[in-house]
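Below you'll find the structure, written out as structure tokens, and then a few comments.
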Amino acid sequence: MNFRRYYIPCSAVFITQVVQDRKPVFRDTKNVNLLREILRNVKELHPFVMLGYVFLLDHFHMIIQPTEESNFSDILHSLKPNFTKEYKKMIGFSPSESIKFWQKRFWDHVIRDDRDFENHLHYIHYNPVKHGLVKGPGDWTDSSYIEWEKRGLYPAPFTWEEPKDIDWGE
């Protein structure tokens, strides 16, 4: 398969990464906390700004803006193996034991303008509602919704209709 990614330095990028076979491993808070820790470590190696995120049971979405010399592939190629290595330790696997934790590829979409950013940010925040996990986006603790609500992006009452012409990578 001829696969091409587009890199525009310092551009915001929407990312979707799914767990292999959609196993709901992030149902366990320890695993979500490990994901957060590994993301912080990766951020030191490959600096980026986290603009929005949601960690669901079997996948995550985030909008990141790489800085300096790194790009979003560097970030994901650091995150995925480092998380898997630490996850294996946490569940008692030896370093030589092989597991396939993540789906091979991730979905990326370079954010084009303010409207595109808002649509993707709203999609991220409404994703737990879409999957029937909560009634409202503010009820899901593993997302950036509350931070954006405090900034005034989501004044009550706020509703959002998912655009039908966008591929979200799910």
Side-chain angles (χ1 to χ4, degrees), residues 3-112 116-125 127-128 131 133 137 140-148 150-151 167-170:
F3 195 73
R4 185 174 290 255
R5 297 200 189 275
Y6 295 96
Y7 302 101
I8 301 170
C10 299
S11 289
V13 181
F14 170 81
I15 304 283
T16 298
Q17 178 62 63
V18 180
V19 173
Q20 184 67 31
D21 300 323
R22 289 215 174 246
K23 291 182 181 158
V25 294
F26 296 120
R27 183 181 308 273
D28 186 335
T29 356
K30 289 185 301 193
N31 298 335
V32 175
N33 291 339
L34 178 62
L35 181 60
R36 289 176 185 274
E37 179 186 336
I38 299 300
L39 268 167
R40 281 190 295 273
N41 296 343
V42 168
K43 194 174 183 178
E44 289 178 25
L45 297 169
H46 304 286
F48 65 91
V49 176
M50 177 69 77
L51 299 172
Y53 68 92
V54 65
F55 305 133
L56 293 133
L57 306 180
D58 60 2
H59 68 287
F60 67 80
H61 301 286
M62 57 185 182
I63 301 175
I64 58 174
Q65 187 171 18
T67 60
E68 299 177 19
E69 300 301 314
S70 295
N71 62 48
F72 60 88
S73 284
D74 296 331
I75 293 163
L76 270 289
H77 291 148
S78 181
L79 171 68
K80 290 167 65 172
N82 284 303
F83 176 88
T84 304
K85 183 177 116 187
E86 294 303 317
Y87 175 76
K88 281 170 49 176
K89 278 186 207 173
M90 197 166 75
I91 63 171
F93 276 46
S94 74
S96 62
E97 288 181 271
S98 177
I99 66 168
K100 187 166 170 101
F101 187 88
W102 301 106
Q103 283 187 1
K104 185 176 181 177
R105 290 198 171 95
F106 60 90
W107 173 265
D108 65 275
H109 167 82
V110 176
I111 301 297
R112 293 177 175 88
D116 196 32
F117 174 77
E118 278 191 18
N119 269 332
H120 282 81
L121 190 64
H122 297 334
Y123 179 79
I124 284 173
H125 293 148
N127 210 244
H131 289 287
L133 300 169
W140 191 256
T141 58
D142 293 316
S143 90
S144 57
Y145 178 85
I146 298 299
E147 296 164 37
W148 281 97
K150 288 177 186 173
R151 294 179 191 178
D167 189 351
W168 305 104
E170 273 199 73

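Positions are given from 1, in the same order as the sequence printed here. Since the structure is predicted, the reported quantities are computational estimates derived from the model, not experimental observations.
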[X] vs [Y] side-chain heavy atoms within contact, under 4.5 Å:
X      : Y     : value
His109 : Thr16 : no
Ser144 : Met50 : no
Phe106 : His77 : yes
Phe48  : Lys43 : yes
Ile75  : Pro66 : yes

Exercise for the section: Check the pair Leu76, Ile15 against side chain to side chain contact (heavy atoms under 4.5 Å, CB included), reporting the backbone distance first and the verdict last. Expected result: CA-CA 9 Å; Leu76 270 289; Ile15 304 283; 4.0 Å; yes

Exercise for the section: Measure up the Tyr87 and Phe83 rings against each other and bin them: parallel (under 30°), tilted (30 to 60°), perpendicular (over 60°). Expected result: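 Tyr87 vs Phe83 ring planes: parallel.
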
Supply the atom-to-atom distance [X] [atom1] to [Y] [atom2], rounded to the nearest 0.5 angstrom.
X      : Y      : atom1 : atom2 : value
Phe72  : Ile8   : CZ    : CD1   : 9.0 Å
Leu57  : Leu133 : CG    : CG    : 5.0 Å
Asn71  : Cys10  : CG    : SG    : 11.0 Å
Gln17  : Met62  : CD    : CE    : 8.5 Å
Ile124 : Ile63  : CD1   : CD1   : 4.0 Å
Ile111 : Leu121 : CD1   : CG    : 9.0 Å

Exercise for the section: Just do the salt bridge (charged side-chain N to carboxylate O under 4.0 Å, His left out) check on Lys89 and Glu86 with the steps written out, would you? Expected result: CA-CA 5 Å; Lys89 278 186 207 173; Glu86 294 303 317; 3.2 Å; yes

Exercise for the section: Using modelled atom types only, decide if a donor and an acceptor are shared between the side chain of Lys80 and the backbone of Lys104 within a distance under 3.5 Å. Expected result: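 Yes: the side chain of Lys80 pairs with the backbone of Lys104.
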
Problem - Asp116 (side chain) donor-acceptor with Arg112 (main chain) under 3.5 angstrom - result: yes

Looking at every non-hydrogen atom in both residues, tell me the closest pair between [X] and [Y] and how far apart they are.
X      : Y      : value
Ser143 : His125 : OG-CD2, 4.0 Å
Ser94  : Lys88  : O-CE, 3.6 Å
Pro128 : Val54  : CG-CG2, 3.7 Å

Exercise for the section: May I have the step-by-step check of side chain to side chain contact (heavy atoms under 4.5 Å, CB included) for Glu37 and Arg40, ending in yes or no? Expected result: CA-CA 5 Å; Glu37 179 186 336; Arg40 281 190 295 273; 3.9 Å; yes

Fill in the blank from the handout: ring pair (Phe, Tyr, Trp, His ring centres under 6.0 Å) filter on Tyr53, not counting sequence neighbours, yields Phe55

Practice task
Let me see the working for His59 and His131 under side chain to side chain contact (heavy atoms under 4.5 Å, CB included), right down to the final yes or no.
Solution key: CA-CA 11 Å; His59 68 287; His131 289 287; 3.6 Å; yes

Practice task
Check the pair Asn119, Tyr123 against side chain to side chain donor-acceptor pair (under 3.5 Å), reporting the backbone distance first and the verdict last.
Solution key: CA-CA 6 Å; Asn119 269 332; Tyr123 179 79; over 6 Å; no

Could you pull out all donor-acceptor pairs under 3.5 Å where a side-chain atom in residues 24-35 meets a protein atom, sequence neighbours excluded?
residue, atom, partner, partner atom, Å
Asp28, OD1, Lys30, N, 2.9
Asn31, ND2, Val25, O, 2.7
Asn33, ND2, Thr29, O, 3.3

Exercise for the section: Decide salt bridge (charged side-chain N to carboxylate O under 4.0 Å, His left out) for Arg36 and Asp142; before the verdict, give the C-alpha distance in whole Å, the side-chain angles of both, and the deciding distance to 0.1 Å. Expected result: CA-CA 10 Å; Arg36 289 176 185 274; Asp142 293 316; 3.0 Å; yes

Practice task
May I ask you to check whether over 12 heavy atoms, not counting those of Glu97, lie within 6.0 Å of atom CD?
Solution key: yes

Problem - Val18/Trp102 under side chain to side chain contact (heavy atoms under 4.5 Å, CB included): CA gap, chis, key distance, verdict - result: CA-CA 6 Å; Val18 180; Trp102 301 106; over 6 Å; no

